[in-house]
Amino acid sequence: MNLLAPYRDAQKVQSLAAELARISKKPAAIMEICGGQTHAILKYGLEQLLPKHIELLHGPGCPVCVTPASILDHAIWLCLRHNITLCSFGDMLRVPGQLGSLAWAKSQGGDVRIVYSPLDAVEFARQNPEKKVVFLAIGFETTAPANALAARRAKELQLQNFWLLVSHVLVPPAICALLESPECRIQGFLAAGHVCTVMGFQEYQPIAKKYKVPIVVTGFEPVDIFRGILQCIRQIEAGLAEVENAYERVVRPEGNPTAKALIEEVFEVCDREWRGIGILPKSGFRLRDCYAEWDASRKLPTFHQNSTNNNNLSTHCRSGEVLQGKIKPPDCPFFGKECTPENPLGATMVSSEGACAAYYTYHYKAKP
Amino acid sequence: MTSCPLPFEPKDTVTMAHGAGGRHTFRLIQNIFAPAFHLSSSQLSDSAIVGDEEKWAISTDAHVVSPLFFPGGDIGTLAANGTCNDLAMVGAEPKWLAVSWILEEGITFDTLNRISQSLAAAAAQNGATIIAGDTKVVPKGKGDGLYLSSAGFGLHRMPFIPSPSRLKPGLELIISGDIGRHAIAIASLRDNSIGFSAEIASDCCPLWPLVAALLNNSLYPAAMRDCTRGGLATVLAEWAEESNLGMELEEEAVPLLEPVRAACDLLGFDPLYLACEGRFLLAIEKEKVEDTLNLLRQFPDGKMAARIGRVTNANPGRAVARQPYGTERILDRLSGEILPRIC
């Protein structure tokens with residue numbers, strides 16, 4: 001039985017699109033936060049069903065894209081120089097830091113392993129006490145509970161050979177940073193359904209109120225996405241700015257209390273660098289002091305970037321602007337020419353959830 | 001504005017992406033092998049036809065699958081079927097196989113026995129005999145238990161050599177069965193870390209019996225290709241580029257088992273890019289579609305054969321997937337490895 005079939009139903013999508021065309025009168029630009037939504041929108045070609053005056057801006061919610069290069073360099077350096085087994089989520093492997101990517105480190109003999117759950121990395125460390133294991137704990141609030149669980153499990157087992165290299169980021173500070181920008185033209189947000197599954201959506205109320213933007217919690221299937229867009233446009237047409245939940249089958253207002261308690265136990269809020277965007281205050285998580293023993297950034301050798309080694313950097317990449325919805329990937333002069341998934345200039349061309357990669361994969365050749 | 005600089009990653013070494021059967025593999029062949037062996041792009045096929053009076057097809061294939069055993073087969077069945085399927089795709093009847101064994105020190109005789117038996121059985125299903133071979137042993141840690149390299153020889157049985165250059169607008173595209181089972185069966189075993197046990201057996205099977213049935217009924221596909229690494233989407237993209245015609249896919253018509261679809265949703269895979277080891281795409285005239293489907297569906301491995309699209313004048317050089325929403329997307333060759341997404 002296909003549980004997702006009702007949410008991919010073509011007739012339902014088409015009737016939502018017709019309703020949208022009926023109610024939408026004025027031009028509107030709305031941003032979907034999550035890279036998973038960007039990916040689905042482009043894969044299913046949903047933009048082709050929108051009225052011409054509705055524009056979707058693609059947001060910064062691609063965890064792989066916003067993870068700073070310095071974290072990757074640290075991971076690669078630990079792996080190659082300190083003989084550490086580096087466990088990571090799969091789509092992190094191709095994203096390069098300054099030294100190279102984890103895939104490249106693997107080709108150089110580094111022990112890089114893809115895991116599907118952070119707990120698999122803990123288990124690997126437990127079964128292989130002679131190996132030193134680091135898990136690259138990145139992502140938004142979505143991956144935070146599982147990563148917190150890995151830290152707690154390592155503490156329970158009192159593992160001496162397992163550490164987390166943490167670079168967690170948070171959605172609400174990123175939304176505020178986007179809205180603070182003088183060039184901002186975002187009139188409404190589709191909030192990331194998975195993030196809200198964990199965190200709920202109460203923290204978005206003050207943002208909607210302060211900046212007068214509607215925020216609609218939205219899922220990932222075509223029907224979910226169209227419902228999110230429709231509710232957002234309804235608010236814009238009516239001049240409203242409220243937080244609504246268009247993903248009720250999964251998201252509750254208060255989120256998942258168990259997961260939130262776990263995050264609270266393990267992590268604390270800190271300033272974080274976002275690749276392509278810069279340092280945003282109070283925009284990430286780090287391990288609390290009571291988990292310092294398992295914090296790679298505190299317990300393992302620190303990597304100092306050679307700042308004179310910037311010669312081989314591509315400086316003309318505009319993925320920072322792409323991540324902030326300021327330009328669309330095809331607006332970049334390098335898109336599809338110097339910059340392709342094979343030879344990426346920026347992280348957004350690498351990850352499957354990056355906007356540039358999604359445009360390239362699903363629509364690039366369609367352009368005349 | 002803070003830019004998002006990337007370094008130019010060292011590009012002088014092979015990464016796993018070069019073995020994934022997509023664009024990286026294509027570039028490797030294009031930039032290194034083709035010039036070294038003076039091959040033109042029309043010669044870069046899995047099989048070649050040689051001979052004057054009797055036409056022979058030659059193919060070669062290497063197998064490095066890990067784990068060695070998986071639901072629905074093992075490295076032995078994969079080697080025999082993979083090599084023979086490459087012959088079948090140019091309309092050749094598999095006759096002989098030569099197999100080289102690269103053994104890692106420490107592999108047990110029992111394992112070797114089991115793999116030899118299944119290789120022999122799969123060869124027999126294809127009608128092929130194993131007539132030559134070689135054995136090498138590498139030190140412990142220098143191989144993944146066992147690698148196989150095989151060559152196949154077959155007798156050409158068609159009035160022409162099926163090839164993308166014979167594609168014409170108006171031809172219909174047929175897939176011989178449901179896609180993606182092999183990739184999911186392997187992914188669910190690899191590293192034991194995927195955290196789910198999919199009850200999905202590989203689709204690894206001999207294709208010659210299906211092709212032979214078509215030829216015996218004078219159904220001659222203009223082109224055939226097995227959808228191995230890179231999957232159905234990569235084959236469509238290759239055909240579009242090689243023929244400079246459009247390949248139009250009806251995405252909803254592609255047969256897919258529900259557990260495969262569910263695994264793809266869970267891991268963020270696109271089923272159109274998943275490797276199969278016993279499925280092929282063929283192009284044939286519209287009036288022959290019904291007969292082709294009826295014949296294919298008589299075989300257990302062809303039960304789910306379906307018409308999935310057509311060759312068009314529109315969008316030359318491109319494969320386009322039409323979706324039930326009335327939207328479309330481009331299908332390009334696989335880029336890099338298929339990696340599970342983060343969340």
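By convention in this document, chain letters (A, B, ...) are assigned in the order of the sequence lines, proteins followed by strands, and residues within each chain are numbered from 1.
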*asked:* Centroid separation under 6.0 Å, is that true for the rings of A/Phe135 and A/Phe89?
replied: yes

*Is it the backbone or the side chain of A/Leu119 that comes under 4.5 Å from a heavy atom of chain B, or both, or neither?*
neither

*Please confirm whether A/Arg318 makes a cation-pi placement over A/Phe334, using NZ or CZ under 6.0 Å from the six-membered ring centre and within 45° of the ring normal.*
no

_Among the listed options A/Glu47, A/Arg8, A/Gln108, the residue most often paired with chain B at heavy-atom distances under 4.5 Å_ = A/Arg8

_Can you tell whether the side chains of B/Asp270 and B/Arg329 come within less than 4.0 Å, N to carboxylate O?_
yes

_A/Pro68 versus chain B, the contacting section by heavy-atom distance below 4.5 Å_ = neither

*Residues two or more places apart in sequence or in another chain: which of them pass side-chain hydrogen bond (donor to acceptor under 3.5 Å, both in side chains) with B/Gln323?*
none

*Go through A/His39 and A/Phe220 one step at a time and tell me if the ring pair (Phe, Tyr, Trp, His ring centres under 6.0 Å) criterion holds.*
CA-CA 9 Å; A/His39 183 85; A/Phe220 300 85; over 10 Å; no

*Which atoms of A/Lys326 come close to chain B, meaning under 4.5 Å heavy atom to heavy atom: side chain ones, backbone ones, both, or neither?*
neither

*asked:* Set out, in order, the CA-CA distance, both residues' side-chain angles and the distance that settles salt bridge (charged side-chain N to carboxylate O under 4.0 Å, His left out) for B/Glu251 and B/Arg322, then state yes or no.
replied: CA-CA 6 Å; B/Glu251 203 166 332; B/Arg322 289 199 186 287; over 6 Å; no

*Who wins among A/Glu123, A/Lys43, A/Gln14 for the most heavy-atom pairs under 4.5 Å with chain B?*
A/Lys43

*Check each atom of A/Gln11 against the heavy atoms of chain B and say whether the ones under 4.5 Å are side chain, backbone, both or neither.*
neither

*By a 4.5 Å heavy-atom criterion (distance strictly below it), what part of B/Val14 contacts chain A: side chain, backbone, both, or neither?*
backbone

